[in-house]
Trainee: 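Can you keep this structure in mind? I'll have questions shortly.
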Amino acid sequence: MLQNLFFGKLTLDVIPFHEPILIGVMAFMAIGAIAVIAALTYYKQWTYLWNEWICTIDHKKIGIMYLILSFVMLFRGFSDAIMMRLQQAMAAGSNAGYLPPEHFDQIFTAHGVIMIFFVAMPFMFALLNMVVPLQIGCRDVAYPYLNSLSFWLTFAGAMLCNISLVVGNFARTGWLSYPPLAELYYSPDVGVDYYIWSLQVAGVGTLLAGINFIATIIKMRCKGMTLMKMPIFVWSALCAMILVALAFPILTVTLALLAFDRMFDMHFFSEFAGGNVMLYVNLIWAWGHPEVYILILPAFGVFSEVVATFSQKKLFGYTTMVWAIGIITFLSFIVWLHHFFTMGAGANVNAFFGITTMIIAIPTGVKVFNWLFTMYKGRIILSTPMLWVTAFFTTFAIGGMTGVLTAVPPIDFQVHNSLFLIAHFHNVIIGGVLFGYFAGLIYWFPKSFGFQLNEKLGIYAFIFWVVGFYIAFMPLYILGLNGFMRRVNHYSEVAYQPYFIVAAFGALLIGIGIILQVIQLFVSIKNRHALRDKTGDLWNGRTLEWSVSSPAPMYNFAVLPTVHEIDQFWADKQRHLSEGHVHPKEMHYEPIHMPRNTPAGFIIAMFAGAVGFALIWQMLIPGILAFIGMIATVIIRTFSKDIDYYIDAETVKKTELAYLRGIV
C-alpha cells in the first residue's frame with residue numbers, strides 16, 4: 001500500500017528495455033548528460049550557470065534560453081520526421097518496414113506535439129524576448145520574474161515530453177489526441193497522460209508569457225510611442241499575445257476535462273455514457289486554429305522588419321498593415337470548424353466557416369502586396385534574412401492557395417485526413433512560420449550575441465532547407481489527391497513507394513540544412529571577433545533596438561528614448577542626430593532601477609514538472625509534496641523584499657563610454 005502511494009504505477013517494467021531503438025536513444029541521452037555535467041564540473045561553471053542563466057530575469061538571456069530549447073527540441077522532432085519518412089519509404093507491399101505500428105504511432109504524435117509546442121512556440125518567445133522590449137524603448141518586460149517562470153514552465157513541459165522516451169511511452173493518438181482513442185478504454189497506458197500534463201505545464205507558461213507581453217506593450221512603451229508609432233513586429237507580437245490570452249485557457253480546460261475522463265471516470269467526451277466527442281473536437285480546434293495565427297503573426301512582423309531594412313525603404317502601407325494584422329486576429333477565432341467540415345454539421349454551418357476562411361486570405365494577401373511594394377524600386381540587399389523572405393513568398397503562397405482550396409467544403413470532403421492536408425499544413429508552418437523565424441533569428445542574432453552569423457554557410461543552409469522542403473512535401477500533395485491517408489505505417493500498393501522515397505530524400509536534404517546551420521553557428525562563434533558588430537547597427541536598421549550596442553547592455557537604454565514618428569532611429573540617422581553621434585561628455589547618466597535575479601521561477605517550474613510526473617504515474621505522496629513545494633515557493637517569493645537594485649550612474653557611464661569609443 002505504501003509503495004503504491006509513493007510510486008503509483010511506476011515500476012521498472014515501464015522502461016522499454018526490449019526496444020533497441022529506444023535503448024539507443026536512452027544511451028545517447030545519458031552520454032550527452034554525463035558529458036555536459038562533466039564539462040561544467042571540469043571548467044567550474046556551475047556557479048556561473050546558476051547565477052547568470054538559471055536565476056536570470058533579463059529578457060535577453062531568457063530569449064536565448066528559449067532559443068536553445070527550441071533548437072534542442074527541433075533535433076528531437078526532426079529525428080521523428082526522418083524515422084517516419086524512412087518507414088513509409090520502406091513499408092510497401094511485403095516489406096513491413098523497421099518500425100512496429102505502436103512505435104510509429106508514438107512517433108507521429110510526438111513529432112506534431114514537439115514541433116508546435118516545443119519548437120515553434122519557444123522560437124516565437126525567443127524572438128519576442130530578444131526584441132520587443134528593445135523596440136518599444138523599455139528596460140525589461142512588465143513582469144521579469146513572471147517571464148522567468150514562463151520559460152522554466154515551458155522547459156518543464158518539454159522535459160516531461162522527453163521523459164516519455166525512456167519511462168513509459170507517449171500518446172499514440174495524433175497530436176490533438178482525439179477521443180475516443182484518447183480515453184482510458186482505448187489508451188490505458190500513460191501515453192495520453194504524458195501528453196496532457198506536458199502540455200498543461202507548458203501551456204500555463206505560455207499563457208503567463210502572453211499576458212506579460214500584453215502588459216509590456218500596452219504599458220511600457222517609451223515616451224511618444226503611441227500605438228500607431230510602434231514597429232510592425234511589436235504589433236504582430238501584441239495581436240499574437242492577445243490570441244494566446246484568449247485561446248490557451250480553452251486548451252487548458254479541454255485537457256483538464258480529458259484528464260477528468262481518464263482519472264475520475266467522468267464522461268465529458270464518452271459517447272456511450274452521455275458525453276460528446278464533437279465537444280472535444282470543437283474545443284481543441286477553437287484553440288488550435290488561433291494557435292496557427294499565434295505562430296504566423298510574429299513571422300509576418302519579422303518579414304515587415306526585414307523587408308523594410310534590406311530594401312532601405314520605409315514599409316509601404318503601415319496603417320493597412322496594422323489593420324490587416326487586426327483583422328486576421330479577429331477572423332482567426334471564427335474559422336476553427338473548417339478543420340472538420342466532414343462532421344455533418346450541415347450546409348449552412350459549413351458555408352459560414354468556409355466563407356470566413358476564404359475572407360481571411362484577403363488581409364494576408366494585403367500584407368504580401370505591401371511587402372512587394374516596399375521592395376519595388378528599393379535598394380534591395382539579398383542578405384540571408386532577405387533570402388528567407390523570398391523563399392516565403394512562393395512557399396507560403398502555395399500553402400495559402402491549398403488552404404483556400406480546402407476551405408471549400410466539397411473539396412475538403414475529398415482530401416480530408418489525407419496527405420494533401422499534411423503537405424498544406426507544412427507549407428504554412430515551415431514556409432511561413434519557420435522561414436520567418438529563421439529570417440528573424442539571423443537578423444537579430446548580432447543584437448543578442450554581438451556578432452553576426454557566417455553568411456556563406458547561411459546561404460548553403462538556406463538552399464538545402466528550401467530545396468529539401470519542396471522535394472519532401474510536393475509528392476505528398478500528389479499522394480493526397482490520389483486518396484492516400486495520413487498516419488499510415490504500411491501500404492500494399494507499391495506504386496505509391498517512389499513518391500515516399502522522393503519525400504524521404506527531401507527530408508534528408510532538410511537534415512543537411514540543419515547540420516549546416518549547426519556548423520554555421522560553430523564557425524561564427526570561432527570567428528566571432530572578425531564578425532563582431534562594432535556599431536550596434538549592423539544592417540543599417542530603422543527601429544530602436546539598433547540604437548544601442550550589440551549585445552545590448554543589461555539595462556537596454558542608458559537614457560530612455562523619446563519617439564516622435566515611426567522608425568524614429570532611422571529618422572534620427574537621416575538628420576545626423578543619432579545618440580551614437582552625441583559626444584559622451586554631453587550625456588547625463590542617472591542610476592537605473594533594475595529587478596534582481598531570482599531562482600523562484602526555476603524552482604516553481606521544477607516542482608510543477610514533478611507534480612505533472614506524479615499525476616501521470618498516480619504517485620500520490622510525491623505529487624502532494626511537490627505541490628506543497630510549488631505553493632511554498634510562490635508564497636516565499638511573494639513576501640521577499642530583496643527584489644530590485646540600482647545600477648549606479650558611474651557604471652552606466654563606463655559601459656556607454658566603452659561602446660561609444662568603439663564606434664568612433
Trainee: Does a salt bridge link D567 with K314, judged by any charged N lying under 4.0 Å from a carboxylate O?
Mentor: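 Judged by the 4.0 Å cut-off on N to carboxylate O distance, D567 and K314 do not form a salt bridge.
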
Trainee: Do N556 and D140 have side chains that get closer than 4.5 Å, going by heavy atoms?
Mentor: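 When only atoms from C-beta onward are counted, D140 and N556 do not touch, as no gap falls below 4.5 Å.
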
Trainee: Distance-only, no hydrogens or angles: does the T374 side chain make a donor-acceptor pair with backbone N or O of F316 under 3.5 Å?
Mentor: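 Checked: pair present.
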
Trainee: With a 4.5 Å limit on heavy-atom distance, are the side chains of T406 and F425 in contact?
Mentor: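 A side-chain contact is absent here, since even the closest heavy-atom pair is not under 4.5 Å.
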
Trainee: Taking the side chain as everything from C-beta on, heavy atoms only, tell me whether P553 gets closer than 4.5 Å to E656.
Mentor: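 Touching, per the 4.5 Å side-chain cut-off.
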
Trainee: Is there a donor-acceptor pair closer than 3.5 Å between any side-chain N or O of H59 and the backbone N or O of N129?
Mentor: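 Here the side-chain-to-backbone pair exists.
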
Trainee: Tell me if a side-chain donor or acceptor on R596 pairs with a main-chain N or O of I643 at a distance below 3.5 Å.
Mentor: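 No, the answer is negative, given that no donor and acceptor are paired below the 3.5 Å cut-off.
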
Trainee: Do L337 and H289 have side chains that approach each other closer than 4.5 Å (heavy atoms only, starting at C-beta)?
Mentor: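 With C-beta onward as the side chain, the pair stays apart.
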
Trainee: Should M241 and F125 count as side-chain neighbours, where that means a heavy-atom distance under 4.5 Å?
Mentor: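 Of all side-chain heavy-atom pairs linking F125 with M241, at least one is under 4.5 Å.
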
Trainee: Any side-chain heavy atom of R637 sitting closer than 4.5 Å to one from I603?
Mentor: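 Sidechains of I603 and R637: no contact.
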
Trainee: Whether the Y443 and T309 side chains hold a donor-acceptor pair (N or O, under 3.5 Å, no angle test) is what I'd like checked.
Mentor: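 Yes, a side-chain donor-acceptor pair sits under 3.5 Å.
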
Trainee: Between T109 and G174 (side chain of the first, backbone of the second, donor and acceptor by atom type, cut-off under 3.5 Å), is there such a pair?
Mentor: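 Yes.
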
Trainee: Are the side chain of H593 and the backbone of Y646 linked by a donor-acceptor contact shorter than 3.5 Å?
Mentor: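 Answer holds: no.
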
Trainee: Within this structure, what is the CD1-CD1 distance for the pair I636 and I604, rounded to the nearest 0.5 Å?
Mentor: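 With rounding to 0.5 Å, CD1 (I636) is 9.5 Å from CD1 (I604).
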
Trainee: Checking S150 side chain against A209 main chain: does a donor-acceptor pair fall under 3.5 Å?
Mentor: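 Yes.
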
Trainee: Of the non-hydrogen atoms in F557 and L544, which two are nearest, and what is the gap between them?
Mentor: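 Minimum heavy-atom separation between F557 and L544: CE2-O, 4.0 Å.
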
Trainee: Atom CG in D58, atom CE in M65: separation rounded to 0.5 Å?
Mentor: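 It is 9.0 Å, given to the nearest 0.5 Å.
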
Trainee: Search all heavy atoms of I592 against all heavy atoms of A558 and return the closest pair with its distance.
Mentor: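 Closest heavy-atom pair between I592 and A558: CD1-O, 3.9 Å.
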
Trainee: Measure the spacing between CD1 of I217 and CG of L128 and express it to the nearest 0.5 Å.
Mentor: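 Interatomic distance, I217 CD1 to L128 CG, rounded to 0.5 Å: 6.5 Å.
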
Trainee: Report yes if the side chains of M121 and T154 come closer than 4.5 Å at any heavy-atom pair, otherwise no.
Mentor: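 The answer is no; the side chains never approach within 4.5 Å.
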
Trainee: Is there a side-chain contact (heavy atoms from CB on, under 4.5 Å) between W53 and I64? Walk through the geometry before answering.
Mentor: CA-CA 10 Å; W53 292 96; I64 291 170; 4.0 Å; yes

Trainee: Where do L560 and G137 come nearest, in terms of heavy atoms and distance?
Mentor: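 In terms of heavy atoms, the two residues are closest at CD2-O, 3.4 Å.
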
Trainee: Begin with the C-alpha distance, continue with both residues' side-chain angles, and end with the deciding distance and a verdict on side-chain contact (heavy atoms from CB on, under 4.5 Å) for F353 and F340.
Mentor: CA-CA 10 Å; F353 283 94; F340 46 99; over 6 Å; no

Trainee: In sequence, state the C-alpha distance, the side-chain angles, and the governing distance for W287 and F117, and then conclude on ring-ring contact (aromatic ring centres under 6.0 Å, His included).
Mentor: CA-CA 13 Å; W287 159 81; F117 288 97; 5.4 Å; yes

Trainee: Tell me whether the centres of the aromatic rings in F569 and W546 are closer together than 6.0 Å.
Mentor: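 Here the rings of W546 and F569 have centres that are no less than 6.0 Å from each other.
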
Trainee: When you measure from the side chain of S549 to the backbone of G536, do you find a donor-acceptor pair of N or O atoms at a distance under 3.5 Å?
Mentor: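 Between the backbone of G536 and the side chain of S549 there is no qualifying donor-acceptor contact (under 3.5 Å).
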
Trainee: Are the side chain of Y437 and the backbone of L295 linked by a donor-acceptor contact shorter than 3.5 Å?
Mentor: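 Yes, the answer is positive, given that a donor and an acceptor are paired below the 3.5 Å cut-off.
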
Trainee: Treating N147 as the side-chain partner and I62 as the backbone partner, does any N or O pair qualify as donor plus acceptor under 3.5 Å?
Mentor: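 Side chain of N147 to backbone of I62: no pair is present.
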
Trainee: Ignoring hydrogens, what is the shortest heavy-atom contact between P231 and M225? Give both atom names and the distance.
Mentor: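 Of all heavy-atom pairs spanning P231 and M225, the closest is CD-CE, 4.2 Å.
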
Trainee: Under a 3.5 Å distance rule, please check whether E565 uses its side chain to pair with a backbone N or O of K229 as donor and acceptor.
Mentor: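 Not confirmed, E565 side chain does not pair with K229 backbone.
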
Trainee: Do L615 and D193 make a side-chain contact, defined as non-hydrogen atoms from C-beta onward lying under 4.5 Å apart?
Mentor: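 Counting from C-beta outward, L615 and D193 never come under 4.5 Å.
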
Trainee: Relative to each other, are the rings of Y66 and F151 parallel, tilted or perpendicular (30° and 60° limits)?
Mentor: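 Ring orientation of Y66 relative to F151: perpendicular.
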
Trainee: What's the spacing between K223 NZ and H564 NE2 if we round to 0.5 Å?
Mentor: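 The NE2 atom of H564 is 8.0 Å from NZ of K223, to the nearest 0.5 Å.
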
Trainee: Considering non-hydrogen atoms only, spot the tightest contact between R76 and C161 and give its length.
Mentor: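 Nearest heavy atoms, R76 then C161: NH1-O, 4.1 Å.
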
Trainee: Just checking, any donor-acceptor pair under 3.5 angstrom between side chains of N370 and T320?
Mentor: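 N370 vs T320: donor-acceptor pair found between side chains.
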
Trainee: Before we go on, tell me: are the rings of W371 and F392 under 6.0 Å apart, centre to centre?
Mentor: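 Yes, they do, as the ring centres are separated by less than 6.0 Å.
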
Trainee: Would F71 and F123 count as a ring-ring contact (aromatic ring centres under 6.0 Å, His included) here? Give the steps.
Mentor: CA-CA 8 Å; F71 270 82; F123 206 159; 5.6 Å; yes

Trainee: Can you tell me how far apart CG (N212) and OH (Y143) are? Round to the nearest 0.5 Å.
Mentor: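 Spacing of CG (N212) from OH (Y143) equals 7.5 Å.
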
Trainee: Go through it in stages, so that I can follow the logic: the residues are I232 and I325, the test is side-chain contact (heavy atoms from CB on, under 4.5 Å), and I'd like the CA-CA distance, side-chain angles, deciding distance and then a yes or no.
Mentor: CA-CA 9 Å; I232 288 295; I325 292 172; 4.0 Å; yes

Trainee: Looking at F435, F303, F300, which one forms a ring pair (Phe, Tyr, Trp, His ring centres under 6.0 Å) with F396?
Mentor: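 Filter result, single survivor: F300.
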
Trainee: For the residue pair Y178 and Y280, categorise the inter-ring angle as parallel (less than 30°), tilted (30 to 60°) or perpendicular (more than 60°).
Mentor: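 Aromatic pair Y178/Y280 classed perpendicular.
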
Trainee: What do the steps show when you test W175 against Y195 for ring-ring contact (aromatic ring centres under 6.0 Å, His included), and what is the final call?
Mentor: CA-CA 9 Å; W175 78 281; Y195 171 90; 8.6 Å; no

Trainee: Rounded to the nearest 0.5 Å, what separation is found between the SG atom of C138 and the NZ atom of K219?
Mentor: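 Between atom SG of C138 and atom NZ of K219 there are 13.5 Å.
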
Trainee: Determine, stepwise, if the pair E545 / F233 fulfils side-chain contact (heavy atoms from CB on, under 4.5 Å).
Mentor: CA-CA 12 Å; E545 74 270 27; F233 181 73; over 6 Å; no

Trainee: Can you give me the closest heavy-atom contact between P599 and W50, atom names plus distance?
Mentor: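 Nearest pair, atom of P599 first, then W50: CB-CZ2, 3.4 Å.
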
